[in-house]
Amino acid sequence: MTSPLRLDTRAQLAAARATAADPVAVVMTMGALHEGHDALLHAARDRAGAGTVIATVFVNPLQFGPGEDFQRYPRTLESDLARCRAAGVDLAFTPAPDEMYPHGEPLVRVDPGPWGTVLEGASRPGHFAGVLTVVYKLLQATRPAVACFGEKDYQQLSLIRAMARDLDLPVEVVSVPTVREPDGLALSSRNRYLSPAQRRAAAGVPATLRAGADAAARGASPEQVLTAATQTLSATPEVKLDYLALTDPDLRPLAEPVGTALAPLAPVPADGVARLLIAAWVGSTRLIDNIEILLPRGDE
Ligand code: PAF
């Protein structure tokens, strides 16, 4: 197995990209790679075939708010490169902040619009402008045919899709299902902040989502789905809710959310497909997760 070619500068990336075999598939990460990232890298390899897989590893300061975990975010470059190697990555772009933002904080950022101010955007003002700006810049630098993003960050995925559509970006955005621990906890680089006791309590987050999905499978209404989920959450008092929302695929609420505000209620989609999204604190660690919910269709 050969190492991915590590590129620290945009000039190095541009030179490698100029001769890279098409199609190019990219996976953007902030490092601290785990099996969830492996799934993204494998999806990228599947889509690229004999073409080129590029992984980017960059802890993007622009998407962290004051008091968030930018400084302590895990940086594990050597093991990240080993994971990239095992997954067949061809090029690993690992810029420093000065390389990505040579003029300092950008004056112009991608505006995420109304979806950027709800849910995660309400709790983390400016977060999605930071995410979309770096994703846009990395798309410019890598010029991929395909970019793979995880469903775990469902609002981020939705916004990246919307950016590609609304700004005419020539890239196919591919979503990859969330990878979970045996007890259901979604893999996340932030899980390593949890103490053993907090790690056990964190299983309450996916359990809450599953309770909502199970209620929907029994024919529950959107309000009943939220009630069932909230009841399950109350069994784990160590998990402090930030928000719990049931939305349509466009993040429009189907019932009054818990802990956050969303625009007027939307009707249940004709196909019954909805999303249950949660953000919660376990100690000082903020976890997010979501699950597809199949609501009874109007004609059932
Ligand atoms: O999902 C992430 O890891 C980050 O938000 C991303 C997309 C790499 C942008 O920094």
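Everything numeric here is computed off the predicted structure, so don't read it as measured data. Whatever order the structure lists ligands and atoms in, that order sets their numbers, starting from 1. Heads up: numbering here begins at 1 and tracks the sequence.
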Subject >> Option among M163, R109, Q63 that satisfies the side-chain contact (heavy atoms from CB on, under 4.5 Å) test with T133 >> reply: R109
Return all side-chain donor-acceptor pairs below 3.5 angstrom for residues 136-143, not counting sequence neighbours, or 'none' if the list is empty.
{"residue": "K137", "atom": "NZ", "partner": "M100", "partner atom": "O", "Å": "3.0"}
{"residue": "T142", "atom": "OG1", "partner": "L138", "partner atom": "O", "Å": "2.6"}

May I have a table of the N/O to N/O pairs between ligand 1 and the protein that fall below 3.5 Å, each row giving the two atom names and the distance to 0.1 Å?
{"residue": "ligand 1", "atom": "1 (O)", "partner": "Q156", "partner atom": "NE2", "Å": "2.8"}
{"residue": "ligand 1", "atom": "5 (O)", "partner": "Q63", "partner atom": "NE2", "Å": "3.0"}
{"residue": "ligand 1", "atom": "5 (O)", "partner": "Q156", "partner atom": "OE1", "Å": "2.7"}
{"residue": "ligand 1", "atom": "10 (O)", "partner": "Q63", "partner atom": "OE1", "Å": "2.6"}

**OP:** Carefully, step by step, assess R199 and D183 under the rule salt bridge (charged side-chain N to carboxylate O under 4.0 Å, His left out).
**Re:** CA-CA 10 Å; R199 169 63 191 82; D183 66 359; 2.9 Å; yes
Acceptor/donor pairs from residues 247-257 side chains to any protein atom, 3.5 angstrom cut, sequence neighbours excluded:
{"residue": "D248", "atom": "OD1", "partner": "D250", "partner atom": "N", "Å": "2.9"}
{"residue": "D248", "atom": "OD1", "partner": "L251", "partner atom": "N", "Å": "3.2"}
{"residue": "D248", "atom": "OD1", "partner": "R252", "partner atom": "N", "Å": "2.9"}
{"residue": "D248", "atom": "OD2", "partner": "R252", "partner atom": "NE", "Å": "2.8"}
{"residue": "D248", "atom": "OD2", "partner": "R252", "partner atom": "NH2", "Å": "2.9"}

Subject >> Those residues that, when tested against Y193, pass ring pair (Phe, Tyr, Trp, His ring centres under 6.0 Å) (two or more places apart) >> reply: none
**OP:** Verify, without hydrogens or angle tests, whether R85 (side chain) and V89 (backbone) share a donor-acceptor contact under 3.5 angstrom.
**Re:** no
